[in-house]
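FYI, side chains are in, hydrogens and waters are out, and symmetry mates aren't considered; it's all heavy atoms of this structure.
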Amino acid sequence: MEKALEVLVIGGNRYVGKRLITRLLAEGHRVTVLNRGSSPPPAGVEHLRADRDDERSLTRALGSLVFDVVVDQVCYTPRQAAISRRVLTGRTRRYVMTSTVEVYEYEDSAALVREEAVDPSTVTVDPGLPWDDPAFLEAHYGEGKRQAEAVLAAGPGFESTVVRVAHVLGGDDDFTGRLAHYAERIRTGEPIAVPVANRPATYVYVEEIARFLAWAAGEGFTGPVNAASSGTLSTEELCAAVAAHVPGGRAEFRPVEVGEVSPFSFRRSYGMDNARAARLGFAFGEARQWLPRAVAETLGKGD
């Protein structure tokens, strides 16, 4: 192992974050977790309690601490990114923000989308929008992440990278309920609403994205990087994997022109190209190889 790092993880109390912390500890790094204290971190981790939206609270909690790298799991708005930049400038040399495939929500490309499709340096930042309104933030999730990326990319103080994470699958602690949505409809025979033109998407296994984030923490690259397993998956493929765990299960699809559709069904194509990650030295696996295991974990069906 190379030099142990002092790592601050902001958030990290569930799902991907828990796995990230476990990996960082296993690699011998010293980990500090900062969150509002809703749940305790794993053993061996320093725990700081603060509201990351409150600049004074965040500053007090950090005290005189300094870090080699910060991994921010819960940065959703340009306001949050600006607070982090002000408070953590001079406290870290590197900042890794967990971003999302949804920054590409306005793309519609049959080819996999590369990072340059959304350049943070060209994104307009509007901190005056009602980012503190949960309903507004939920409706503008991709925009909030785009603007947060732009804030981190714009200023001096530390080097930064943003990890654009594909849709995450796997784990018995998947809190989204998306695969359960499919399982219930397949069990009851209720139709699954999908767009008339239903596009495939890129995904990543929960253990794989945790491994990537832990790896990225120790690297030196900057700028955006796509984090997705190789190959796209369609709604039909996801449902077939779910149906394998429902006795006699078979998915029935109902194409809809307008209105709400089921999770993991998309009117636009914006699957992510992971070639930059490969060039940097990280090889993602094939989505179709881990999909059965991921679905089994989430549905509680074993390996």
Side-chain angles (χ1 to χ4, degrees), residues 98-124 139-150 153 161-170 176 178-179 181-182 191-206 208-209 212 221 223-243 251-292 294-295:
T98 301
S99 189
T100 174
V101 62
E102 298 302 328
V103 301
Y104 300 121
E105 63 186 324
Y106 298 121
E107 301 298 317
D108 192 359
S109 169
L112 296 177
V113 178
R114 295 186 296 185
E115 290 84 356
E116 53 264 35
V118 176
D119 180 352
S121 69
T122 67
V123 172
T124 300
H140 297 82
Y141 176 68
E143 182 62 25
K145 287 287 193 179
R146 275 191 296 274
Q147 292 194 26
E149 288 188 10
T161 187
V162 291
V163 178
R164 293 172 175 168
V165 181
H167 307 288
V168 182
L169 293 174
T176 67
R178 291 170 176 173
L179 292 184
H181 166 96
Y182 286 137
I192 296 167
V194 296
V196 173
N198 188 19
R199 310 300 186 190
T202 42
Y203 295 81
V204 67
Y205 182 43
V206 63
E208 189 171 42
I209 187 57
F212 182 80
F221 63 88
V225 59
N226 291 337
S229 299
S230 296
T232 59
L233 297 172
S234 66
T235 309
E236 289 80 5
E237 287 174 291
L238 289 175
C239 287
V242 172
E252 296 285 347
F253 297 98
R254 177 170 56 85
V256 296
E257 293 279 359
V258 295
E260 188 174 351
V261 295
S262 295
F264 300 140
S265 55
F266 306 98
R267 292 184 169 90
R268 296 176 182 266
S269 293
Y270 51 98
M272 294 194 296
D273 184 313
N274 62 18
R276 185 180 187 222
R279 292 194 300 272
L280 291 168
F282 188 95
F284 282 97
E286 293 285 338
R288 287 182 179 83
Q289 291 183 357
W290 55 254
L291 178 62
V295 170

Q) Can L169 and V206 be said to form a side chain to side chain contact (heavy atoms under 4.5 Å, CB included), step by step? A) CA-CA 6 Å; L169 293 174; V206 63; over 6 Å; no
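- Side chain of E107 to backbone of Y104: no donor-acceptor contact under 3.5 angstrom is found.
- For F212 and F284, the ring centers sit closer than 6.0 Å to each other.
- Side-chain atoms of D108 come within 3.5 Å of backbone atoms of S269 as a donor-acceptor pair (strictly under, hydrogens ignored).
- Each of N226, T100, I209 was checked for a side-chain contact (heavy atoms from CB on, under 4.5 Å) with V165, and the lone residue meeting it is I209.
- The backbone N or O of M272 sits less than 3.5 Å from a side-chain atom of T202, completing a donor-acceptor pair.
- Taking NZ from K145 and CD from E102, the interatomic distance works out to 11.0 Å, rounded to the nearest 0.5 Å.
- Aromatic pair H167/F266: centroids less than 6.0 angstrom apart.
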Q. Do N198 and S234 pass the side-chain hydrogen bond (donor to acceptor under 3.5 Å, both in side chains) test, and can you show the C-alpha distance, the side-chain angles, and the key distance before you say yes or no?
A. CA-CA 8 Å; N198 188 19; S234 66; over 6 Å; no
Q) Yes or no on side chain to side chain contact (heavy atoms under 4.5 Å, CB included) for E252 and I192, after CA distance, side-chain angles and deciding distance? A) CA-CA 6 Å; E252 296 285 347; I192 296 167; over 6 Å; no
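- The two residues S229 and V204 make their nearest non-hydrogen contact at OG-CA, 3.5 Å.
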Q | Test log, rule side chain to side chain contact (heavy atoms under 4.5 Å, CB included), inputs T232 and L112 | A | CA-CA 9 Å; T232 59; L112 296 177; 3.9 Å; yes
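- Scanning both residues, S265 and A193, for their nearest heavy atoms gives OG-O, 3.9 Å.
- Distance alone, capped at 3.5 Å, places no donor-acceptor pair between the S262 side chain and the V194 backbone.
- Residues P224 and P120 are in side-chain contact: their nearest non-hydrogen atoms beyond the backbone lie under 4.5 Å apart.
- For E237 against L233, the heavy-atom pair with the smallest separation is OE1-CA, 3.4 Å.
- Using a 4.0 Å cut-off between a side-chain N of Lys or Arg and a carboxylate O of Asp or Glu, E149 and R164 qualify as a salt bridge.
- Using modelled atom types, one side-chain atom of T235 and one backbone atom of F264 make a donor-acceptor pair closer than 3.5 Å.
- Inter-residue side-chain proximity for V225 and L280 is flagged as met; some heavy-atom pair is nearer than 4.5 Å.
- Between P292 and R288, the closest heavy-atom pair is CD-O, 3.6 Å.
- Looking at every heavy atom in both residues, G231 comes nearest to E286 through N-OE1, 4.4 Å.
- Between E116 and R276 there is no salt bridge, since no side-chain nitrogen of the basic residue lies less than 4.0 Å from a carboxylate oxygen of the acidic one.
- A side-chain contact (heavy atoms from CB on, under 4.5 Å) with V103 holds for exactly one of E143, Q147, R146; it is R146.
- Y203 has its side chain out of reach of V168: every pair of non-hydrogen atoms, C-beta onward, lies at least 4.5 Å apart.
- Considering all non-hydrogen atoms of both residues, N274 and S230 come closest at ND2-OG, 3.2 Å.
- The main-chain N or O of G285 is found under 3.5 Å from a side-chain atom of E208 such that the two form a donor-acceptor pair.
- At a threshold of 4.5 Å between non-hydrogen side-chain atoms, the residues T176 and H181 do not count as touching.
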